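Below is one structure, written out as structure tokens; the observations come after it.
This is a predicted model, so every value here is computed, not measured.
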Amino acid sequence: VKNIIIKVTPMGTMMVSQLKNKVQISWLIFIFILGISFPSFLSIPSKSRESGGVVLSEYHNKEFRCLANTLYAEARGEPEEGIRAVMSVIYNRKKAKGYPSTFCGVILQDKQFSAFNSDKSLATKPLKPIRELDKEAYRKVSSVAQEAIQGAFKPVLDEDVLHYAKTSVRNHWTKRMKVVKIVSSHKFMKVNTSGEDATKKEI
């Protein structure tokens with residue numbers, strides 16, 4: 001019996017040792033995989049309630065808030081065409097030389113959009129609660145903003161149409177513009193290169 005025990009014990013020790021090695025290797029593989037994949041956990045975008053549940057990055061959430069707030073403030077009383085026309089001006093500016101390359105950058109330029117003027121804090125402000133009667137209007141502008149964020153928006157104005165104002169506005173800067181389209185209470189304009197007062201020839 002002693003001889004048998006002596007022979008078996010080294011074999012058992014070897015099996016235990018091999019098992020430990022396998023466990024250690026498995027742990028090393030697990031830690032290695034976790035180390036590779038963990039950064040991806042940090043980059044999972046948050047889900048925006050305002051964007052209708054579409055999964056967006058924080059950058060896109062910020063862009064969406066800027067757009068939705070602006071379209072709501074500037075065009076909530078407009079028909080669909082009017083909302084898309086205002087969105088087209090913002091879109092065209094984002095693409096144009098001399099303007100910021102983000103929607104928030106365009107919107108927050110000093111004294112460019114009457115709804116905000118010099119308020120540079122829009123991008124970090126939480127959305128204000130929408131009154132019950134305005135929820136349908138907010139849904140409409142949110143849908144257009146969402147298209148823009150997702151790259152699906154198609155401008156309804158030519159790319160050189162970079163300005164708009166209320167149809168009743170006639171001042172020093174609108175006199176330098178050529179009105180190319182009127183939708184409801186807004187006129188949409190581009191820079192007038194002829195030098196004459198084009199606001200008298202609204203279409």
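A donor-acceptor distance shorter than 3.5 angstrom exists from the side chain of Ser88 to the backbone of Arg84, with no hydrogens or angles considered. Side chain of Thr174 to backbone of Asn171: a donor-acceptor contact under 3.5 angstrom is found. In terms of modelled atom types and a separation under 3.5 Å, the side chain of Glu63 and the main chain of Cys104 share a donor-acceptor contact.
Side-chain contact between Phe188 and Val86 is present, with heavy atoms from C-beta onward closer than 4.5 Å. Looking only at side-chain heavy atoms (C-beta outward), Glu81 and Val156 stay at 4.5 Å or farther from each other. Between Lys181 and Tyr164 the shortest side-chain heavy-atom distance does not fall below 4.5 Å. You'll find the side chain of Tyr91 stays beyond 4.5 Å of the side chain of Val106, heavy atoms only. Here the side chains of Phe64 and Ser142 are in contact, with some heavy-atom distance below 4.5 Å. Arg176 places none of its side-chain heavy atoms less than 4.5 Å from the side chain of Asn192. Put simply, the side chain of Val183 does not reach to within 4.5 Å of the side chain of His186, judged on heavy atoms. A heavy-atom distance below 4.5 Å is found between the side chains of Thr102 and Tyr59.
For the atom pair CZ (Arg76) and OG1 (Thr70), the distance works out to 12.0 Å, reported to the nearest 0.5 Å. One distance of note links CD of Glu74 with CD1 of Ile90; it measures 7.5 Å at 0.5 Å rounding. Distance check, rounded to the nearest 0.5 Å: OG of Ser57 to NZ of Lys62 gives 11.0 Å. With rounding to the nearest 0.5 Å, the separation of NZ in Lys95 from CG in Leu162 is 13.5 Å.
In this structure, Asp158 has no salt bridge (charged side-chain N to carboxylate O under 4.0 Å, His left out) partners at least two apart in sequence or on a different chain. Glu159 is linked by a salt bridge (charged side-chain N to carboxylate O under 4.0 Å, His left out) to nothing, counting only residues two or more places apart in sequence or in another chain.
Heavy-atom neighbours of Lys140 NZ from other residues, nucleotides or ligands within 6.0 Å: at or below the threshold of 12.
Using modelled atom types and a 3.5 Å distance limit, the side chains of Gln109 and Arg93 yield no donor-acceptor pair. Under the 3.5 Å distance criterion, with hydrogens and angles disregarded, no donor-acceptor pair is assigned to the side chains of Asn92 and Tyr99.
Between Leu67 and Ala148, the shortest heavy-atom distance links the atoms CD1-CB, 3.8 Å. In terms of heavy-atom proximity, Glu78 sits nearest to Ser185 at OE2-OG, 2.6 Å.
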query = How far apart are the C-alpha atoms of Phe103 and Met87, what are their side-chain angles, what is the distance that settles it, and do they pass the side chain to side chain contact (heavy atoms under 4.5 Å, CB included) test?
reply = CA-CA 10 Å; Phe103 290 125; Met87 180 67 242; 3.8 Å; yes
ask   = Given Val191 and Met177, is the side chain to side chain contact (heavy atoms under 4.5 Å, CB included) satisfied, shown in steps?
value = CA-CA 5 Å; Val191 174; Met177 301 293 163; 4.3 Å; yes
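Aromatic ring pairs are classed by plane angle as parallel below 30°, tilted from 30° to 60° and perpendicular above 60°; the pair His163 and Trp173 is tilted.
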